[in-house]
K.L.:
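The structure is given below, and queries will be raised subsequently.
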Amino acid sequence: MKGLLTKISNSALDLLFPMQCLGCRAEGKLLCAACTGGLARLEPPFCGLCAQPGIAPRCRWCRSHPPAVAGIRAPFLMSGPIREGVHLLKYQGVRAAAPEMARLLAQYLAAHPMPADLILPVPLHPRRLRARGYNQSALLARELAKLSGLPLHERMLARTRDTPPQVEAPSREERRANVDGGFEATADAAGRAVILVDDVATTGSTLSACAAALKAAGAASVWGLVLAREG
């Protein structure tokens, strides 16, 4: 019953939320063309593995703790209208934000191709999925699959431990320990080039843990694609 009420509440939010630009507040779109052009982008230099801004080719952490993910890429920094859009989608139940956010991801992927046989969202633990009513990463991945033409797989990877949110782990070491060994992949991953989709990367620990599970199942490569990278 709680899960049903959550879904009804989220659907109501989608219907009632007035679509307006997060930058200039003009009605019509979540981000107008002018404000999209002014978004804070993740520009080089950045770490080629975890995408930490300002450091290239590898940050100190990735040199000493090489991640399982081949690399993380993000079009934007987690600030301004992008931060607000992510919060609407992730914390306020406004699922109507997903198509516009995914459009930005699709544009980035078209301009910066990476090896890909399929798109895969970072999964939520079933308990958290029931509580929230949806997985924001899955919403982004579904829309991105439509726009890119790449196949979407949502059952190839599962979260096996209901760990605390990464935002509650202050240090990079704690974030890595929080998600280490917390995912399992199916044999369908064998030989596949995977793009993992998530909303935000802070240290890349979650994406690396997902990649480790996929690589253990035989994935040929795993890249992370997120909307925004924390600075």
K.L.:
Give me the atom names and distance for the closest heavy-atom approach of Cys62 to Cys47.
P.N.:
SG-SG, 3.9 Å
K.L.:
Within the distance-only criterion (no hydrogens, no angle test), does the side chain of Ser148 pair as donor or acceptor with the backbone N or O of Leu144 below 3.5 angstrom?
P.N.:
yes
K.L.:
Do Leu152 and Pro121 make a side-chain contact, defined as non-hydrogen atoms from C-beta onward lying under 4.5 Å apart?
P.N.:
yes
K.L.:
Going by the rule ring pair (Phe, Tyr, Trp, His ring centres under 6.0 Å), which residues pair with Trp61 if we only count those two or more places apart in sequence or in a different chain?
P.N.:
His65
K.L.:
So, do Leu77 and Ile82 sit near enough that their side-chain heavy atoms are less than 4.5 Å apart?
P.N.:
no
K.L.:
Taking all non-hydrogen atoms of both residues, which atom of Leu139 and which atom of Tyr134 are closest, and how far apart?
P.N.:
CD1-CD1, 3.6 Å
K.L.:
Between Leu147 and Leu109, is there shared hydrophobic-cluster membership here, with clusters defined by ILVMFWY side-chain heavy atoms closer than 4.5 Å?
P.N.:
no
K.L.:
What distance do Arg58 atom CZ and Leu49 atom CG have between them, rounded to the nearest 0.5 Å?
P.N.:
4.0 Å
K.L.:
Would Met101 and Glu143 count as a side chain to side chain contact (heavy atoms under 4.5 Å, CB included) if you check the C-alpha gap in whole Å, the side-chain angles of each, and the deciding distance to 0.1 Å?
P.N.:
CA-CA 9 Å; Met101 301 288 100; Glu143 297 295 332; over 6 Å; no
K.L.:
Does atom CZ of Arg127 have more than 12 heavy-atom neighbours from other groups under 6.0 Å away?
P.N.:
no
K.L.:
Would Ile72 end up clustered with Val179 when hydrophobic side chains under 4.5 Å apart are linked, directly or stepwise?
P.N.:
yes
K.L.:
Output the distance between atom CG (Asn135) and atom NZ (Lys90), rounded to the nearest 0.5 Å.
P.N.:
9.5 Å
K.L.:
So do the side chains of Arg103 and Thr36 get within less than 4.5 Å of each other, counting heavy atoms only?
P.N.:
yes
K.L.:
Distance from Ser137 atom OG to Asp198 atom CG, nearest 0.5 Å?
P.N.:
3.5 Å
K.L.:
Report yes if some heavy atom in the side chain of Arg176 is under 4.5 Å from a heavy atom in the side chain of Thr203; otherwise report no.
P.N.:
no
K.L.:
Could you check whether any side-chain heavy atom of His153 comes within less than 4.5 Å of a side-chain heavy atom of Val194, counting everything from C-beta outward?
P.N.:
no
K.L.:
For residues 217-231, tabulate all N or O donor-acceptor pairs below 3.5 Å that involve a side-chain atom, not counting sequence neighbours.
P.N.:
| residue | atom | partner | partner atom | Å |
| --- | --- | --- | --- | --- |
| Arg229 | NE | Cys50 | O | 2.8 |
| Arg229 | NH1 | Thr202 | O | 2.4 |
| Arg229 | NH2 | Cys50 | O | 3.2 |
| Arg229 | NH2 | Thr202 | O | 3.3 |
| Glu230 | OE1 | Arg83 | NH2 | 3.2 |

K.L.:
Run the side chain to side chain contact (heavy atoms under 4.5 Å, CB included) check on Val86 and Gln136 step by step: do they pass?
P.N.:
CA-CA 9 Å; Val86 168; Gln136 76 282 351; over 6 Å; no
K.L.:
Does a side-chain heavy-atom distance below 4.5 Å link Pro81 with Leu39?
P.N.:
yes
K.L.:
What is the distance from atom SG of Cys24 to atom NZ of Lys29, rounded to the nearest 0.5 Å?
P.N.:
11.0 Å
K.L.:
Hey, quick one: are Val200 and Leu30 part of the same hydrophobic cluster, counting side-chain heavy atoms closer than 4.5 Å, chains of contacts allowed?
P.N.:
yes
K.L.:
Hey, could you give me the CZ/CG distance between Arg73 and Leu105, rounded to the nearest 0.5 Å?
P.N.:
14.0 Å
K.L.:
What I'd like to find out is whether the side chain of Leu31 reaches to under 4.5 Å of the side chain of Glu100, using heavy atoms alone.
P.N.:
yes
K.L.:
Using the six-membered ring wherever Trp is involved, compare the ring planes of Tyr91 and His87 and label them parallel, tilted or perpendicular (cut-offs 30° and 60°).
P.N.:
perpendicular
K.L.:
Identify whether Met78 and Phe46 are in the same connected component of the hydrophobic contact network (ILVMFWY, side-chain heavy atoms under 4.5 Å).
P.N.:
no
K.L.:
When rounded to the nearest 0.5 angstrom, what is the spacing between CE in Met156 and CG in Asp188?
P.N.:
5.0 Å
K.L.:
Can you get from Leu129 to Leu120 by hopping between Ile, Leu, Val, Met, Phe, Trp and Tyr side chains that sit under 4.5 Å apart?
P.N.:
no
K.L.:
Kindly determine whether Leu214 and Phe183 satisfy side chain to side chain contact (heavy atoms under 4.5 Å, CB included), including the steps that lead there.
P.N.:
CA-CA 9 Å; Leu214 288 163; Phe183 299 88; over 6 Å; no
